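Worksheet for the structure shown next.
Just so it is clear, the model here is predicted, and its values are computed rather than measured. Along the sequence shown, residues carry numbers from 1. No hydrogens, no waters, no symmetry mates; every other heavy atom, side chains included, goes into these values.
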Amino acid sequence: MKKIYKKRAIVFFALALALLVAMLFASIIRTKLYNKKQHCEIYDSSEYLNTKVVGDYLVIQSLPRASTWGKIFDFNNEGITENNYKAYTYDFTIMNNTKDKVSEFYFVLTFDQEVFLSSAWNGSLEVHQYVNSNEYQATVPDMREFNKEEYEFDTVTVDGEDLIRLEAGDYLIYYPSTSLNAMEMPIGSHEATTPGIIMYVPMDDKIIDSSFEIQYKFHRIIIADTMFWVSFIGFLMWIIILAIYIITYLQIRKYQAQHERDNKIIVESIETFTRFIDAKDPYTNGHSKRVASYTKTIAKELGFEGEELEHIYYIGLLHDCGKIGVPDNILDKPSKLTDEEFEIIKAHTIMGGEILREFKSLENVELGALFHHERYDGGGYPVGLVGEEIPYIARIICLADAYDAMNSNRVYRKRLDKEEIIRQIENNKGKQFDPKIADVVLDLIRNDKLDKEYY
């Protein structure tokens, strides 16, 4: 049983560790997949301009600020003298509303009207412009230093400023700055960045018709994942439980070793004592040990187990300890005993009970010595108990003792053969022997298990 429990413990700890490792790997994989995921949100101008958009992850707010800057756009040389276009500054505030970092992002502005791009900060602009149905694309690292001579964009120059003309369908992509001086990415947890773009529109326009699309990814560290902490705490608990188990196991082993040493001392002491008893009668030498073994075998068949069986074995060993007080001339007498001598012999049960009464380390050890000569029908001694009044252990020893007597050579007769022993037990069921215990003993004898267990 101990080996079974040890194997079960090993299997339990191995499975628990495998589960925790699997959870850790699942956490790592889940975090990597989360960090790879590309998020996308798209809004039209009515959804994102002059309002705050609170998404699952980001808070986006775009506030167009009309300035006092104005310019005269006289494309047809009509002699316009008053400013007919004004500048709008668009602040795109992007706030990270999560506990993770926004590792990268960019946004796309697609226009539904004509605008003139003036400036932007702090990132770069990838401009897509359709000229004569042909798309021209180029990236401007810094619109504040834009030089139209370096690009093929459709541009206009007003008051010495070069502007990129963007018509309906044209779009630009804003890539945030990663420089130390103007870092817009990554965006920390609950932090924000605010890129800005300046565009000119007709004086009467209040907003620019456009759509806003933002693409972004997060970077989550492994310790921010719930499953990681579940596996980590589980692993700590696993270590603590394993340590407790090992300490307990070592303590139990120490106790068991001490217990085995104590048992060995007890057994050797009892066996030494019983050898003194058996030595008084050379014809019954080894009787106590055989009866103890038979008693244990019968008790095991009756359902006893573990330490209880060892306890029963010790009681069986000591069942005849009272014979230490019987004179040798009576024990060794080959002829029939007188009534007086038989009374002395019978007194060994009472003497045995008295000797063992103070043997406190073996509970009820005196019962075997005191009552093993009681008969089931009430005709035994020393009290004349009937049936189940006789202690159970004494009823078992009674059969074990009788079997050994019949199966051994005595001064007055030879040992009986197997068939005769069976017949004697059958005839005495319900008389000398408990019938249920007798049936168990008969089954053991018929299957040659009683003596086999002893030898």
Closest approach of [X] to [Y] (non-hydrogen atoms, all atoms of both residues):
X: T297; Y: K449; value: CG2-O, 4.3 Å
X: S103; Y: M185; value: O-CG, 3.4 Å
X: I437; Y: R395; value: CD1-CB, 3.7 Å
X: A26; Y: M227; value: CB-SD, 3.6 Å
X: G316; Y: V291; value: O-CG1, 4.4 Å
X: S177; Y: S179; value: OG-OG, 3.0 Å

Is the ring pair [X]/[Y] parallel, tilted or perpendicular, if the boundaries are 30 and 60 degrees?
X: Y171; Y: H128; value: parallel
X: Y249; Y: Y245; value: parallel
X: F13; Y: W238; value: perpendicular
X: Y34; Y: H39; value: perpendicular

[X] vs [Y] side-chain heavy atoms within contact, under 4.5 Å:
X: L367; Y: I315; answer: no
X: Y130; Y: E167; answer: no
X: L24; Y: L20; answer: no
X: V383; Y: F371; answer: yes
X: H319; Y: H373; answer: no
X: Y57; Y: N97; answer: no
X: K217; Y: K36; answer: no
X: M406; Y: I425; answer: yes

| request: Kindly determine whether L302 and Y392 satisfy side-chain contact (heavy atoms from CB on, under 4.5 Å), including the steps that lead there. | output: CA-CA 11 Å; L302 289 167; Y392 200 35; 3.6 Å; yes
Does [X] have more than 12 heavy atoms from other residues, nucleotides or ligands lying within 6.0 Å of its [atom1]?
X: K148; atom1: NZ; result: yes
X: W69; atom1: CH2; result: no
X: F235; atom1: CZ; result: no
X: K418; atom1: NZ; result: yes
X: Q258; atom1: CD; result: yes
X: E388; atom1: CD; result: no
X: E82; atom1: CD; result: no
X: Y136; atom1: OH; result: yes

Is a side-chain N or O of [X] found less than 3.5 angstrom from the main chain of [Y], in a donor-acceptor match?
X: D74; Y: G79; result: yes
X: E161; Y: V158; result: no
X: H311; Y: E363; result: yes
X: N35; Y: K32; result: no
X: N84; Y: F73; result: yes
X: N96; Y: G188; result: yes
X: S293; Y: K289; result: no
X: N447; Y: D443; result: yes
X: D100; Y: F218; result: no
X: E374; Y: I390; result: no

| request: List the steps and the verdict of side-chain contact (heavy atoms from CB on, under 4.5 Å) for N364 and I393. | output: CA-CA 9 Å; N364 297 323; I393 182 61; over 6 Å; no
Assess the side chains of [X] and [Y]: does a donor N or O sit below 3.5 Å from an acceptor N or O?
X: T93; Y: T194; value: yes
X: Y174; Y: E184; value: yes
X: S210; Y: Y48; value: yes
X: Q256; Y: R253; value: no
X: S46; Y: D44; value: yes

Can you tell me how far the [atom1] atom of [X] sits from the [atom2] atom of [Y], to the nearest 0.5 Å?
X: R30; Y: D225; atom1: CZ; atom2: CG; value: 4.0 Å
X: D377; Y: F433; atom1: CG; atom2: CZ; value: 10.5 Å
X: M203; Y: Y85; atom1: CE; atom2: OH; value: 10.5 Å
X: S62; Y: K52; atom1: OG; atom2: NZ; value: 13.5 Å
X: L163; Y: T155; atom1: CG; atom2: OG1; value: 8.5 Å
X: D162; Y: E149; atom1: CG; atom2: CD; value: 7.5 Å

| message | Cation-pi check for F75 against R165: NZ or CZ below 6.0 Å from the six-membered ring centre and within 45 degrees of the axis, yes or no? | response |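 Judged by the rule, R165 and F75 form a cation-pi pair.
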| request: Check the pair L109 / I197 against side-chain contact (heavy atoms from CB on, under 4.5 Å), numbers first and verdict last. | output: CA-CA 11 Å; L109 278 177; I197 299 175; 3.9 Å; yes
| request: Please test I60 against Y43 for side-chain contact (heavy atoms from CB on, under 4.5 Å), starting from the C-alpha separation and ending with a verdict. | output: CA-CA 10 Å; I60 300 168; Y43 307 99; 4.0 Å; yes
| Given L399, I397, D404, the one that forms side chain to side chain contact (heavy atoms under 4.5 Å, CB included) with Y294 |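 Single pass found, and it is D404.
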